[in-house]
Novice: 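Next up is a structure, given as structure tokens.
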Protein chains: 2
Amino acid sequence: MNIGLLLFIPNREVENRVLAAVNAAGFDLTQAQQRVLMRVGPEGTRLTVLAESAQVTKQTAGFLVDQLEKAGYVERVPDPADGRARLVKVTDKALAAVPVANAELAAIEAEWERHLGKRRMAQLREALERLGEITDPYR
Amino acid sequence: MNIGLLLFIPNREVENRVLAAVNAAGFDLTQAQQRVLMRVGPEGTRLTVLAESAQVTKQTAGFLVDQLEKAGYVERVPDPADGRARLVKVTDKALAAVPVANAELAAIEAEWERHLGKRRMAQLREALERLGEITDPYR
DNA sequence: CTACTTTAGTCAGAGAATCTGACCAGTACA
DNA sequence: TGTACTGGTCAGATTCTCTGACTAAAGTAG
């Protein structure tokens, strides 16, 4: 079976479940918004960097950040280091979603570990982390 | 690091590269079209089944199949077993893309194996296949 | 056989996510 | 100091996806 599909299926499972859990907790995010939001660093992140790391154009990233800003999940502050740039920062409102997302992630990992066994789950994680070294354009 | 992201990054790599390879060979497919096309079985597949397996509504699947049909990559034939249904079948034109896609997939797997080592690559594949047992809604 | 329910698929309309191209305002450097 | 680069926005179009309503065929219970 095709390696792409093998990766796609569990990835979709994770995305769907985390999004559902977050929204069930009273948030209102779309998949695309979540993907961007997830990549905003603790000190704030530039739009260009968000676009790169999420692999979309800066226009698309800007569009999504606009929505997140309007909904109060992020704010844009001037970047003291560069007059052209602004830093996208996560607000407290969005921060409240982090434990919800983490809880769901932990639940998923626990289920998977139950099915795969501890050893195989650890191998999966390790292999994926190493794979990131050659497939992640943002590292 | 988040298991969802760990799965997402290499998955995107595969999708992008396979699509690029296919299109470089003279085809003209979008990501969404490719995802549907990939799931059409050798004997033809019903729209409803395509929709389920690709996890989209039947309207979306129909929309994509329309495009594929217009471009000559699939045809719809009546299903002899059910008067309501039609079978989506891959045409020879689309079949010509299969070796191209497979070659790129093989190239990617070879690269990954070079980076991970034979053992870890086999473990990755095995873990993902087992994971499919609990995350693949279409099996 | 008839009436009800389910299933396969389409039509219509709308919203979300994405892109290309053009542009402006700061920054960096030769 | 001017020329090239970088961060970001504006405008417009396309693609993908959904919800809701519908038709026609098939299955099922009486």
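Because the structure is a prediction, the values reported are computed rather than measured. Chain letters run A, B, ... following the sequence lines, proteins first, then strands; residues in each count from 1.
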Novice: Would a distance-only check, ignoring hydrogens and angles, find a side-chain to backbone donor-acceptor pair under 3.5 Å from A:Lys58 to A:Glu52?
Specialist: no
Novice: Calculate the interatomic distance between B:Asp79 atom CG and C:dT10 atom P; express it in whole Å.
Specialist: 13 Å
Novice: Can you tell me how far C1' of D:dC16 sits from CG of B:Leu68, to the nearest Å?
Specialist: 13 Å
Novice: Answer yes or no: does a side-chain N or O of B:Thr30 lie under 4.0 Å from OP1 or OP2 of D:dT15?
Specialist: no
Novice: Whole-Å distance between D:dG8 P and A:Glu52 CD?
Specialist: 11 Å
Novice: Is there a donor-acceptor contact under 3.5 Å from the side chain of A:Arg130 to the main chain of A:Glu126?
Specialist: no
Novice: Answer with base, sugar-phosphate or nothing: what part of the nucleic acid does B:Asp82 contact at a heavy-atom distance below 4.0 Å?
Specialist: sugar-phosphate
Novice: Under 4.0 Å, heavy atoms only, any strand: does A:Thr60 hit a base, just the sugar-phosphate, or nothing?
Specialist: base
Novice: Between A:Thr60 (side chain only) and A:Val56 (backbone N and O only), is there a donor and an acceptor less than 3.5 Å apart?
Specialist: no
Novice: Answer yes or no: side-chain N or O of B:Arg84 and base N or O of C:dT7 forming a donor-acceptor pair under 3.5 Å.
Specialist: yes
Novice: Check whether any side-chain nitrogen or oxygen of B:Arg86 sits under 4.0 Å from OP1 or OP2 of D:dA25, and answer yes or no.
Specialist: no
Novice: Looking at the base of C:dG13, is there any donor atom on it, or on the side chain of B:Gln59, that sits under 3.5 Å from an acceptor on the other one?
Specialist: no
Novice: Please determine if a side-chain N or O atom of A:Thr48 lies less than 4.0 Å away from the OP1 or OP2 oxygen of D:dG8.
Specialist: yes
Novice: Which one, C:dT18, C:dT10, C:dC19, comes nearest to the side chain of A:Ala32?
Specialist: C:dT18
Novice: Rounded to whole angstrom units, what separation is found between the CD atom of B:Gln31 and the P atom of C:dC19?
Specialist: 12 Å
Novice: Starting at atom CG of A:Asp66, determine the distance to atom P of D:dA11, rounded to an integer number of angstrom.
Specialist: 12 Å
Novice: Please report, rounded to the nearest Å, how far the P atom of C:dC11 is from the CG atom of B:Leu47.
Specialist: 12 Å
Novice: Please report, rounded to the nearest Å, how far the C1' atom of D:dT9 is from the CZ atom of A:Arg46.
Specialist: 16 Å
Novice: Return the 5'-most residue of the pair A:Arg35, A:Lys58 with respect to DNA chain C, ranking by each residue's nearest nucleotide.
Specialist: A:Arg35
Novice: Thinking salt bridges, do A:Arg17 and A:Glu111 make one under a 4.0 Å N-O criterion?
Specialist: yes
Novice: Please state how far atom CD in B:Gln34 lies from atom C1' in D:dT15, giving the value in whole angstrom units.
Specialist: 16 Å
Novice: Check whether any side-chain N or O of B:Asn23 sits under 3.5 Å from a backbone N or O of B:Leu29 as a donor-acceptor pair, and report yes or no.
Specialist: yes
Novice: Given that A:Gly83 and A:Val56 both sit by DNA chain C, which one's nearest nucleotide is further toward the 5' end?
Specialist: A:Val56
Novice: C:dA17, OP1 or OP2 - any side-chain N/O from A:Gln67 closer than 4.0 Å?
Specialist: yes
